[in-house]
Amino acid sequence: MKHRHRVLGLLILLFAITYLDRVCISVAGPRMQEDLHLDPVKWGWVTAVFGLSYCLFEIPSGALGDRVGPRRVLTRIVLWWSAFTSLTGMMSNYYLLLLTRFCFGAGEAGAFPNSSVVVSRWFPPTQRASISGITLMASQVGGAVAPLLVVPIQIRYGWRASFYVFGLLGVIWATIWYTWFRDSPAEKHGVSPEELKETAGLEAASAHELPWPVVLRSQTVQAMMVTAFCYIYVYNFFQTWFHTFLVKGRGFSEGSLVLSALPYMVAAVANLSGGAASDALVRRLGLTWGRRTLGISGLACAGLFTVAAMLTRDRMLTVIFLSLVYGAIAFQQSGIFGACLDIGQKRAGTMVGLMNTSAQVGGLLSSVAYGYIVERFGSYDAPFIPMAALLFLGSLLWLKIDASEEVGAELQVAPAPVST
């Protein structure tokens, strides 16, 4: 087995743990709201502060990974968020709960950017969307497993116990990661000459800063940021309000929440197949339309399924339609991460951090808006209207994303002509 396959195995575990910790609060949400006397608006802010800190720390943690290396950065942030996962289970005060979830989000903000740094240094460019698909699939597996674990734990021991258990998992992972992993194949003892040859040229980024004025003027970057905002606005619903919606909007019992694993199972398959399909289309159509095709179709289908979920009253059909919404979003998600790596090149962590910052602004707004819309209209279905509209907008914006455009390439200094 090649060493990079073992690296991939550790990343798979990382993303599973990430989403176990993240989805845990959604599953425990109905009990927490009852126990802590939180109305929809207050619960919206509990979920939103995660998005706020996630926004603030995406770019700094990605840039830190580019400079310092993902071995040390991932070790620190996983230990950090694991501590605040466990502390969530100790909260009985609303404002302390807000602070705890803010700190939790600050840690998790570094997961995607720094894993992208790992992928950019350990895997050839032709495999990047596929690898992104595999790691994103792992996050969905974590989301799928969360209800299956949290519901029995909270029925038997209460909602607080689940946070203690999940916090411990991150500590175990961080210990293994720091002990075994190295920032590049060249630094890892035992990597074969063949594998070193395959990853030659994937060294760390230079010390030069990303040309931010050029980056932010790029049509591709602008479209990518707004597209990410649009789909994460909806995607975030599944990590924050989904289980509350099933209980209060469709009358699910606590025991039947095990059905809420279905969207994550669908999304796991979609992430994996979407990454493979995106790389296959790149080989056939080139970077521009290879990445673009799945993005357009994926978000358009997600918008249609959102409308269907809003209109149906059947509980099982609701879960099926919402699973298809989540799956369609996930199908294009591997491609947009692949596009980030394509245009960011050796500054992949910073570029993913930039995209995810915009994305989490959408997640933050979604968390807060959902609670206010429910309270204003007295319906848990009303928030689906802006969700569908944003998905359709994101589909159209994919037409502006060109993955063949390396950001800042035009600023590379050509050698000065030799005078004669």
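Looking at residues two or more places apart in sequence or on another chain, you find no salt bridge (charged side-chain N to carboxylate O under 4.0 Å, His left out) involving D183. When the ring-ring contact (aromatic ring centres under 6.0 Å, His included) test is applied to F15, the partners found at least two apart in sequence or on another chain are F112. Among residues two or more places apart in sequence or in another chain, the side chain to side chain contact (heavy atoms under 4.5 Å, CB included) test is passed with V374 by Y370, Y380, P383. In this structure S404 satisfies the side chain to side chain donor-acceptor pair (under 3.5 Å) test together with T288, D402, sequence neighbours excluded. When the ring-ring contact (aromatic ring centres under 6.0 Å, His included) test is applied to Y235, the partners found at least two apart in sequence or on another chain are Y326. Taking T18 as the reference, nothing meets the side chain to side chain donor-acceptor pair (under 3.5 Å) condition, with sequence neighbours excluded. With sequence neighbours excluded, the residues satisfying salt bridge (charged side-chain N to carboxylate O under 4.0 Å, His left out) with R160 are D35.
Pairs of residues two or more places apart, or lying in two chains, that qualify as salt bridge (Lys or Arg N to Asp or Glu O under 4.0 Å) and include a residue from residues 95-112 are R22-E108. The stretch residues 11-21 participates, sequence neighbours left out, in no salt bridge (Lys or Arg N to Asp or Glu O under 4.0 Å) pair at all. Sorted pairs that involve residues 256-277 and meet salt bridge (Lys or Arg N to Asp or Glu O under 4.0 Å), not counting sequence neighbours, are lacking altogether. Evaluation of the salt bridge (Lys or Arg N to Asp or Glu O under 4.0 Å) test over residues 220-242, restricted to residues two or more places apart or in two chains, returns none.
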Can you list, pair by pair, the side-chain donor-acceptor contacts under 3.5 Å of residues 144-153, counting residues two or more places apart and other chains?
none

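Under a cut-off of 6.0 angstrom, the local environment of NZ in K400 is sparse, with at most 12 non-hydrogen atoms contributed by other residues, nucleotides or ligands.
Ring centers of F181 and W177: under 6.0 Å apart, within the cut-off. Ring-centre distance between F238 and Y19: not below the 6.0 Å cut-off.
With respect to R121 and D66, no salt bridge is recorded, no charged nitrogen being found less than 4.0 Å from a carboxylate O.
Taking the six-membered ring for Trp and thresholds of 30 and 60 degrees, F50 and Y54 have ring planes inclined between 30 and 60 degrees apart.
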